[in-house]
Amino acid sequence: MNRALEVLQERGFVQQCTDFEGLSRLMDEGPVTFYIGVDPTGPSLHIGHMVPFFALRHLRDAGHVGIALLGGGTARIGDPSGKTEMRKLISYEEIDENTRRFIKQLDRFVGFDGVHAFTANNKDWLADLNYIEFLREIGRHFSVNRMLSFEAYKQRMEAGLSFIEFNYQLLQSYDFLQLYRRHNCRLQIGGDDQWGNIVAGIELIRRVEGAECYGLTFPLVTTSDGKKMGKTEKGALFLDPNMTSPYDFFQYFRDVSDSDVERFLLMFTFLPSEECRRLGSLKDAELNQAKERLAWEVTALIHGKEEADKALAAARAAFRGDGDAAQLPTIAIKRARLEAGIGVLDLFVEAGLVPSKNEARRLVQQGGASVNGQKVENEKQVFTIAALQDGAMMLRAGKKRVARVISKDN
RNA sequence: GGGGAGAUUCCCGAGUGGUCAAAGGGGGCAGACUGUAAAUCUGUUGGCUUUCGCCUUCGAAGGUUCAAAUCCUUCUCUCCCCA
């Protein structure tokens with residue numbers, strides 16, 4: 001088998017392939033141009049988007065050429081695949097802004113040099129499509145009967161599927177055709193929920209151009225307890241540091257289940273496979289070293305080594321006491337307020353550890369709140385500036401959430 | 001266009017005039033046990049005050065009533081059947 005494909009397979013990236021042998025042969029012959037599509041439907045990419053881009057880097061390292069296709073056009077429609085409900089439509093301005101942000105985030109991770117990796121935007125060929133011409137040239141190749149047999153649509157037959165979403169597949173297929181024509185793109189990779197769309201694109205190219213293209217999908221990454229990977233209480237694990245702090249990002253990986261460690265090391269880091277397997281096979285408490293490594297590696301890839309170091313120092317300060325507490329999430333409260341004294345409940349709310357005073361009260365009543373390592377017994381307790389030790393107060397809510405409070409002038 | 005069903009607190013889903021901040025489950029949170037894991041058990045789960053209590057919530061807006069998530073009117077959206 002082709003070496004690059006083999007790497008993807010041994011790292012757990014391969015879910016389905018339209019023609020494994022054929023693709024392998026093609027890749028042996030020389031550099032293959034492939035693409036990944038992302039629709040800029042939100043303000044930031046999240047970790048779930050990144051799986052195909054990790055694959056992109058593996059493939060690029062093997063000499064192949066990757067295109068990141070931003071769905072500036074398709075985002076106007078909304079992909080029903082994998083969704084149980086209709087997606088709300090987003091404004092064009094919002095899509096353009098999202099696109100800009102996505103490209104920036106991806107560039108940081110992939111490094112678009114214009115030769116081995118570059119971006120494209122399907123807005124360029126979709127935005128001004130002529131409906132009638134499109135139907136005559138492209139639409140006639142699609143069988144509604146066949147489309148309805150796809151799993152993605154079956155799931156929506158109950159909940160409802162509007163025509164705008166039903167069209168999505170034609171547009172994605174058209175994307176593949178365009179990229180084939182413009183860049184001789186022969187392979188599309190993506191999450192397994194894209195299987196139907198990918199296959200449809202391949203069939204379109206076969207009919208229109210008589211050429212054989214390929215599709216490869218990755219497993220939908222879930223945690224061992226079956227949840228979508230990267231989902232937190234606060235939502236997805238975003239790459240934007242303003243939406244998910246590097247510390248929270250780090251902690252997500254630091255806290256993965258034992259059974260997920262090896263799998264995540266293989267997919268979300270570039271450590272050699274043997275090293276991933278060695279780390280993953282550590283036993284009991286030793287496995288914590290592997291988790292720490294995983295968290296550091298992924299954070300470094302996304303936010304840079306400096307942020308990864310800071311997050312690591314903060315985590316150690318919070319859980320082992322030997323790191324750097326200054327790196328913990330910190331909030332500043334006016335000196336005057338601290339001098340006057342603040343009730344615990346308000347303190348925890350202001351520190352962002354709980355969303356309301358009722359929850360703060362519950363936290364205290366259930367024994368989950370502590371200040372400077374001392375459990376808060378009374379919800380009426382008041383803290384003043386005297387509680388600052390070395391200029392800071394350490395608040396804990398439960399075992400995992402920590403905040404550091406400092407004072408500020410005015 | 002005609003007919004039918006439906007929209008409930010984060011999700012699913014009960015509730016059909018007061019006893020409803022609203023059953024049950026899921027999820028979340030906290031505690032115990034631990035390794036910042038999993039599993040398990042317990043508690044908790046709108047906001048403000050915590051003493052009574054007050055406020056907001058059951059698709060939207062009106063109305064009936066001492067009193068509505070529950071009744072009426074209009075509207076919006078979804079699903080199903082027929083054309």
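Protein chains get the first letters and strands the later ones, always in sequence-line order, with residue 1 at the start of each.
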is_close_aromatic(A/H183, A/F118), centroid dist under 6.0 Å: yes
Do A/F249 and A/H303 have ring centroids that are under 6.0 Å from one another? yes
For [X], answer base if it contacts any base atom (sugar-phosphate contacts may also be present), sugar-phosphate if it contacts only those atoms, and nothing otherwise; contact means non-hydrogen atoms under 4.0 Å.
| X | result |
| --- | --- |
| A/K291 | base |
| A/A397 | sugar-phosphate |
| A/E379 | base |
| A/K399 | base |
| A/V354 | nothing |

Do we get A/R396 above A/F319's six-membered ring, with its NZ or CZ under 6.0 Å from the centre and within 45° of the axis? yes
[N] versus [M] - spacing of their [atom1] atoms, nearest Å:
| N | M | atom1 | answer |
| --- | --- | --- | --- |
| B/U19 | B/C29 | P | 33 Å |
| B/U73 | B/U57 | C1' | 23 Å |
| B/G25 | B/U8 | C1' | 15 Å |
| B/U76 | B/G26 | P | 39 Å |
| B/U70 | B/G6 | C1' | 16 Å |
| B/A61 | B/C77 | C1' | 15 Å |
| B/A68 | B/G15 | C1' | 13 Å |
| B/U36 | B/U16 | P | 50 Å |

Taking atom types as modelled, find out whether A/Q188 and A/Q172 have a side-chain donor-acceptor pair closer than 3.5 angstrom. yes
Could you tell me the Watson-Crick or G-U partner of [N], where both distances fall under 3.5 Å? Say none if there is no partner.
| N | value |
| --- | --- |
| B/A32 | B/U40 |
| B/G1 | B/C82 |
| B/U19 | none |
| B/G6 | B/C77 |
| B/A67 | none |

Per [X] side chain, nearest of listed nucleotides [options]:
| X | options | value |
| --- | --- | --- |
| A/S257 | B/A38, B/C48, B/A30 | B/A38 |
| A/A285 | B/U36, B/G35, B/C48 | B/G35 |
| A/D258 | B/G35, B/G47, B/G43 | B/G35 |

Want to settle it: does A/A369 or A/F319 sit nearer the 5' end of RNA chain B, counting the closest nucleotide to each? A/A369
RNA chain B nearest-nucleotide lookup for A/K380 and A/G398: closer to the 5′ end is A/G398
Evaluate A/R186 against A/T33 for side-chain contact (heavy atoms from CB on, under 4.5 Å), listing each step before the verdict. CA-CA 6 Å; A/R186 303 288 303 276; A/T33 299; over 6 Å; no
Taking atom CG of A/D128 as the centre, does the number of heavy atoms from other residues, nucleotides or ligands within less than 6.0 Å exceed 12? no
Verify the contact: side-chain N or O of A/S356 to OP1 or OP2 of B/G47, cut-off strictly under 4.0 Å; return yes or no. yes
B/G35 phosphate, OP1 or OP2, under 4.0 Å from A/K400 side-chain N/O: no
Return the orientation label for the A/F264 and A/F268 ring planes: parallel under 30°, perpendicular over 60°, tilted otherwise. perpendicular
From [atom1] of [X] over to [atom2] of [N], roughly how many Å is that when rounded to an integer?
| X | N | atom1 | atom2 | result |
| --- | --- | --- | --- | --- |
| A/E359 | B/G43 | CD | C1' | 14 Å |
| A/L287 | B/U34 | CG | C1' | 14 Å |
| A/K283 | B/G35 | NZ | C1' | 14 Å |
| A/F250 | B/U36 | CZ | P | 14 Å |
| A/R362 | B/U42 | CZ | P | 20 Å |
| A/R254 | B/A38 | CZ | P | 11 Å |
| A/N358 | B/G43 | CG | P | 20 Å |
| A/L294 | B/G35 | CG | P | 21 Å |

Between A/R277 and A/E274, does any NZ, NE, NH1 or NH2 come within less than 4.0 Å of an OD or OE carboxylate oxygen? no
For the base of B/G31, is there a side-chain donor-acceptor partner from A/Q366 under 3.5 Å away? no
